[in-house]
Amino acid sequence: RMEDTRTVLSDAVAVLDLLIQGNRAAELQQFDKALSAVRIMRRLRLRAVCNVPFGLYVERRVPALVSKLTSAAQDRLHQWLSEIRTKAKDVGKAAMGVVQARKQLDDGNSAGLTAEGIYNARLELDGAPPGSAVVEEAGITFGPFLQGISVYSELDKAKDWVDHYISQRRQQLNLDLPGPDNFSESYRDYLSHICGFFVLEQAVQSLYEGMPRHEVEALWEAAQSSIAPMLSRQFHRVESSSEFLQFRMYVSLFCATLEEHGYSTQSLSDSLESVRERYLTLLLEEAHEDVENAVQTNGFIPMIVNTEGEYQRLVHHKLHALCGASADDMFPRRLRFSESVPRIAKLVKSFIFDYFNFVKASSDVAYLVLKALDMFMFQNIVVELQEATEHKRPNNVPQLQVIIQVAANADVLCSFMGTLEAYALHLCNVPMTSHVRK
């Protein structure tokens, strides 16, 4: 019996040593060592080996060790989540930069790209997983997440780990989604941060197949429903077409990057379509001031061409055939129209180009551009010419001369419409002969 007692005491000391080692390893976040201790103790028949009272005591300590171990894994996860939250903006910017660089490379244009951007873009062109390069460059490793998966899987609690992870990420997203008060100044940082959040989620998905895709998609749908109205409000606050276009281009890049990482951005794309009229309104308002200035400055006397260089500028704008002067005439030449006509022609072509770039992704781009051209001609040119003959005539110009010159200018601009339509259709890659005006 003494020998038996000594054996029992020896086994009891071994079990206590395991228990102490397991607790110490859990406190130090040495997860493999702590799991090994739990694994061994679970295999021991503690009540039989350590005598009944002592065995029961030790056996009750095993769940406590498991709890300490899972808590340690969660603490490490929380630290890691805080770290990646601070790096999300940089990850998003880098991911968007890769998409932009790849698009430029596809178009044969590498102007303005950094060597780093070209390298990352080519990595993904060569088949690297989307976002892998930028996540690595941000110094993000997934050890804490994978260690937690290992711990919880060993304890048959993998689902609990996934649920906890998703819950923590949802809390972070809810904190980030409202956006800054000065959104117009900070939208790039805001969208980059949200983009980085979901690029990282895609990276986690690629590392652990047990992460339910529908949970991540639910996070993205919640984000879309919050971001879309925010973007729409901001679009309607923008007061210049150039600022509007920059904002829209960044939102488009944001959408393209998320699409690249497997997220549908249909709701955001719909919000971009819904603000098309706002952009057109801004363009027309700005053009009205330019047309008014052109008409009032040089709109009431015939244009005089003094040199061959001035005449060639008319050739460049394809207005020479409408000038009413022969190419053999000596300089200076007196033309049918005023100096305002070439200026207006240039304004119209600039307007067509700007609006085309805004709607070029639409399926009915030619129709949209030509419709906008009609609106430009009527709202800006026709109305301005009418007002010039009725209300805005300069005091030193006889009314009859104004009416005659305005009529001549209007006739030339009407004749020039075919050239403008051809320019618009060329941009839209639609043959003039195959296009029928709606």
Side-chain angles (χ1 to χ4, degrees), residues 88-104 106-107 117 120-121 124-125 129-135 166 169-170 172-180 183-184 186-206 211-238 244-279 357-365 368:
K89 181 179 72 175
D90 293 335
V91 170
K93 283 185 176 179
M96 293 165 75
V98 168
V99 171
Q100 186 176 36
R102 187 169 63 252
K103 184 180 186 306
Q104 287 185 235
D106 290 343
D107 295 340
N120 289 339
E124 294 197 9
L125 284 173
S132 58
V134 297
V135 169
I166 290 292
R169 289 297 268 166
R170 183 178 292 110
Q172 287 189 337
L173 185 62
N174 289 339
L175 290 173
D176 296 333
L177 276 178
F183 190 83
S184 60
S186 308
Y187 69 85
R188 291 175 181 270
D189 287 345
Y190 172 76
L191 292 177
S192 297
H193 184 92
I194 299 300
C195 179
F197 179 99
F198 287 101
V199 168
L200 288 167
E201 282 308 299
Q202 191 272 339
V204 169
Q205 285 271 315
S206 65
M211 183 65 65
R213 180 65 188 179
H214 71 273
E215 292 283 6
V216 181
E217 289 176 350
L219 290 178
W220 170 237
E221 289 302 320
Q224 274 201 109
S225 64
S226 177
I227 295 171
M230 190 187 311
L231 294 181
S232 181
R233 287 192 298 271
Q234 182 58 31
F235 273 120
H236 286 87
R237 289 174 185 155
V238 175
F244 190 102
L245 191 58
Q246 289 178 2
F247 183 40
R248 196 253 193 187
M249 290 174 64
Y250 203 79
V251 173
S252 297
L253 179 59
F254 171 76
C255 291
T257 304
L258 287 169
E259 289 278 354
E260 184 76 17
H261 289 81
Y263 301 98
S264 171
T265 60
Q266 189 60 49
S267 296
L268 295 181
S269 298
D270 291 345
S271 70
L272 291 180
E273 290 295 318
S274 68
V275 298
R276 181 195 300 155
E277 294 301 319
R278 172 63 179 165
Y279 180 66
N357 279 319
F358 191 81
V359 299
K360 61 185 177 183
S362 301
S363 58
D364 53 351
V365 56
L368 293 172

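Just so it is clear, the values below take in all heavy atoms, side chains as well, and ignore hydrogens, waters and symmetry mates.
- Note that the OG atom of Ser264 and the CD atom of Glu217 stand 9.0 Å from one another [nearest 0.5 Å].
- Both tests hold for Arg248 against Phe358: distance to the six-membered ring centre under 6.0 Å, angle to the ring axis within 45°.
- A pairwise comparison of heavy atoms in Met230 and Pro178 identifies CE-O, 3.5 Å as the closest pair.
- When side chains are defined from C-beta on, Tyr279 does not count as touching Val359, because their heavy atoms never get closer than 4.5 Å.
- Between Phe198 and Ile194 there is a side-chain heavy-atom pair separated by less than 4.5 Å.
- Nearest heavy atom pair, residue Ala203 against residue Ser206, reads O-OG, 2.7 Å.
- The two atoms that bring Cys255 and Leu268 nearest to each other are SG-CB, 3.7 Å, heavy atoms only.
- A distance-only check finds a donor-acceptor pair linking the side chain of Tyr190 to the backbone of Leu177 [under 3.5 Å].
- Within the 4.5 Å cutoff, the side chain of Val135 has heavy atoms near those of the Val199 side chain.
- Distance CZ/Phe254 to CD/Glu259: 11.0 Å, rounded to 0.5 Å.
- Rounded to the nearest 0.5 angstrom, Met96 CE and Leu191 CG are separated by 6.5 Å.
- Once rounded to the nearest 0.5 Å, the distance linking CZ of Arg188 with NZ of Lys89 reads 13.0 Å.
- Between atom CZ of residue Phe197 and atom CG of residue Leu173 there is a gap of 4.5 Å, rounded to the nearest 0.5 Å.
- Residue pairs meeting the salt bridge (Lys or Arg N to Asp or Glu O under 4.0 Å) criterion with at least one partner in residues 189-203, sequence neighbours excluded, are Lys93-Asp189, Arg169-Glu201.
- A donor-acceptor pair under 3.5 Å is formed between the side chain of Arg278 and the backbone N or O of Val238.
- The shortest distance between side-chain heavy atoms of Tyr263 and Gln224 does not fall below 4.5 Å.
- With Gln100 contributing its side chain and Leu253 its backbone, the two residues share no donor-acceptor pair below 3.5 Å.
- In this structure, Pro212 and Gln205 approach most closely via the heavy-atom pair O-NE2, 3.5 Å.
- Residues Val134 and Ala94 approach most closely at CG1-CB, 3.4 Å, considering heavy atoms.
- At a threshold of 4.5 Å between non-hydrogen side-chain atoms, the residues Glu215 and Met211 do not count as touching.
- Taking the six-membered ring where tryptophan is involved, the planes of Tyr250 and Tyr187 are perpendicular, since the angle between them exceeds 60° and thus also 30°.
- When side chains are defined from C-beta on, Leu231 counts as touching Phe183, because their heavy atoms get closer than 4.5 Å.
- Here Trp220 contributes atom CH2 and Ile227 contributes atom CD1; the two are 5.0 Å apart, rounded to the nearest 0.5 Å.
- The nearest pair of heavy atoms linking His261 to Ala95 is CE1-CB, 4.3 Å.
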